[in-house]
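Below: one structure, written as structure tokens.
In what follows, every chain begins at residue 1, and chains take the letters A, B, ... in the order their sequences are listed.
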Protein chains: 2
Amino acid sequence: MKNERSGGFKPVVTKKIYQEILEQFVEMIIAGKLVTGQKLPSERELVDIFNVSRPSIREALRVLEIIGLVEIQSGGGAYLTELNIAPFINLISPLLFLKKDFHLELFDLRELIERRALDLLGERIEDAYLVQFGEIIERMKEALAADDPEMGAEADIAFHKTLVLASGSYILQKTLDLVVTLLEHSIRGSRTLVLQNEEDSAQLYEDHQAIYLALKAEKMAEAARLVKAHLEMVRRLYRDRSGEE
Amino acid sequence: MKNERSGGFKPVVTKKIYQEILEQFVEMIIAGKLVTGQKLPSERELVDIFNVSRPSIREALRVLEIIGLVEIQSGGGAYLTELNIAPFINLISPLLFLKKDFHLELFDLRELIERRALDLLGERIEDAYLVQFGEIIERMKEALAADDPEMGAEADIAFHKTLVLASGSYILQKTLDLVVTLLEHSIRGSRTLVLQNEEDSAQLYEDHQAIYLALKAEKMAEAARLVKAHLEMVRRLYRDRSGEE
DNA sequence: GCTAGATAACTGGTCTTACCAGTTGACAAA
DNA sequence: TTTGTCAACTGGTAAGACCAGTTATCTAGC
């Protein structure tokens with residue numbers, strides 16, 4: 001299609017050292033030779049292992065840190081973590097929010113994901129998740145009683161994440177993580193925005209409990225309807241409240 | 001909620017130099033003082049500008065490279081690019097595919113996105129996009145005639161991306177980019193898998209053309225139905241063909 | 001005058017060495 | 001047993017050097 005004059009030759013690709021190191025790390029993780037939580041050799045040891053200079057090692061570690069595969073403790077050491085794109089998202093989120101109404105689109109995508117998750121649930125939800133929902137609802141009740149918006153927001157997020165987790169779809173779960181991380185940036189510093197108002201909080205609690213009860217009673221269609229209504233209300237709430245400020 | 005004994009004190013956060021530099025870059029981009037395509041100062045100049053050492057500069061550039069904000073040409077220089085997460089995805093995709101049936105979930109998410117895009121289109125599609133669709137269909141026809149699977153695959157991707165682009169949703173567009181990038185990894189080296197078979201290729205062409213004609217005739221419901229059927233068929237094709245090998 | 005080739009001045013890629021600052025653990029003193 | 005100190009780590013940063021590839025300039029040849 002392109003460069004047909006090449007006659008079978010391909011451009012020479014020169015791989016940088018840090019890339020080579022990165023790939024070896026990924027391979028090791030895939031092969032199971034590196035497991036989550038494990039402490040990596042020190043930078044100076046890695047220098048001997050890979051037979052490269054310390055700056056090269058450090059560039060590779062820097063990237064691993066940004067893509068959320070290792071956590072580095074200054075003076076401590078480097079530890080392998082579960083893939084966590086939060087640091088990456090934190091970095092680029094300001095650029096994404098340059099797009100007008102991006103936060104509203106986030107709500108849109110979130111709705112899409114959760115409704116799909118409900119569909120995937122099938123006839124009934126696993127008991128283990130029902131238990132989790134019960135605990136989350138309990139936390140919400142406590143938060144409401146103690147008037148603790150922070151705790152309420154945390155439980156709210158947990159509720160929705162569990163919903164998607166129960167669907168069994170890995171990609172929906174990861175995508176929701178991404179959306180939630182971004183939403184937290186959008187409501188920067190006051191992600192408890194809609195939970196400040198006591199009346200709203202009570203309404204949210206009612207919604208969540210109703211969904212929980214529907215799931216428990218295996219009334220999936222009912223649950224799906226409630227989730228849809230709930231998400232629409234949250235979006236409306238958010239838009240109204242953020243418009244007030 | 002946690003660490004209530006802190007009494008208002010917060011943990012000391014020490015910001016690393018490379019992070020400071022990264023944030024300044026992002027700020028500059030947001031402020032419009034750095035624009036896409038622009039050549040950045042050389043590493044040695046940046047050393048003077050930021051008054052830090054070259055390794056610190058390089059670590060920051062390394063990260064910017066991975067998150068797809070700059071492209072670095074060895075011996076040439078560093079250039080600002082439109083945010084492109086492909087290098088990032090390329091790095092972590094092997095880890096994502098460790099999850100069983102991840103590629104099937106990708107198809108699922110893609111279907112979700114495109115169907116939502118169709119809904120967002122509303123009553124009619126903008127003429128500019130119709131023109132693009134026309135050109136893409138034309139390329140497909142050529143690819144079919146020339147039996148060029150590579151060209152066909154490229155046009156196929158363009159078709160679906162344009163569909164979402166026309167919806168006007170930035171986040172759907174970016175998410176589809178992500179999904180497509182991952183799908184290309186899944187079909188590594190033979191992303192033209194389903195296009196190898198001439199009969200399949202003809203079928204795909206028929207589908208795309210039918211969708212195009214429906215959009216042109218402003219029969220959106222019809223288009224939505226066709227897209228849904230098309231996506232289901234592609235997924236089935238992919239599963240069957242990959243199972244055969 | 002114009003082109004082709006050599007040259008010099010870049011640029012990023014890598015390595016080495018060095019020192020600082022924070023963490024950890026062992027050991028001695030209370 | 002507890003506390004305090006200290007030495008041996010660890011990552012963070014700086015500075016200087018060299019190589020290899022790119023780019024621009026300038027000269028020699030036509």
Run the numbers on A/R62 and A/E65 for salt bridge (charged side-chain N to carboxylate O under 4.0 Å, His left out), then give the verdict. CA-CA 5 Å; A/R62 201 84 302 150; A/E65 189 182 22; 2.9 Å; yes
Contacts to DNA chain D from residues 56-64 of chain B, heavy-atom cutoff under 4.0 Å, which residues? B/S56
Take nucleotides 17-24 of chain C nucleotide by nucleotide from the 5' end and write B, S or -, depending on whether a protein heavy atom sits under 4.0 Å from the base, only from the sugar-phosphate, or from neither. -BB--BS-
Return yes if some donor-acceptor pair links the side-chain N/O of B/E105 with the main-chain N/O of A/I171 below 3.5 Å, else return no. yes
Does OP1 or OP2 of C/dC15 have a side-chain N or O of A/S53 closer than 4.0 Å? yes
Does A/I17 have any side chain to side chain contact (heavy atoms under 4.5 Å, CB included) partners at least two apart in sequence or in another chain, and if so, which? A/I21, A/V52, A/S56
Check: A/N90 side chain, A/A86 main-chain N or O, donor-acceptor pair, under 3.5 Å: yes
Nearest-neighbour nucleotide for the A/E43 side chain, D/dT13, D/dG11, C/dT14 considered: D/dG11
To the nearest angstrom, how far is B/I72 atom CD1 from C/dG12 atom P? 8 Å
In whole angstrom, give the distance that lies between atom CG of A/L40 and atom P of D/dC9. 19 Å
In this structure, how many angstroms lie between the C1' atom of C/dC15 and the CD atom of A/E20, rounded? 17 Å
For B/K16 and D/dG11, what is the distance between atoms NZ and C1' respectively, to the nearest whole Å? 8 Å
Dump the intermediate steps for side-chain contact (heavy atoms from CB on, under 4.5 Å) on B/E43 and B/L61, then the final yes or no. CA-CA 9 Å; B/E43 296 183 353; B/L61 287 177; 3.8 Å; yes
Rounded to whole Å, the OH-C1' distance (B/Y18 to D/dG11) equals 12 Å
For the residue pair A/L83 and A/I67, what are the closest heavy atoms and their distance? CD1-O, 3.4 Å
Closest approach of A/G68 and A/P87, non-hydrogen atoms and distance? CA-CG, 4.4 Å
Whether B/Y170 and A/F102 hold their rings parallel, tilted or perpendicular, with breakpoints at 30° and 60°: perpendicular
Which heavy-atom pair separates B/H208 from B/D156 by the least distance, and what is that distance? CE1-OD1, 2.8 Å
Expressed as a whole number of angstroms, how long is the span from B/E65:CD to C/dG12:P? 12 Å
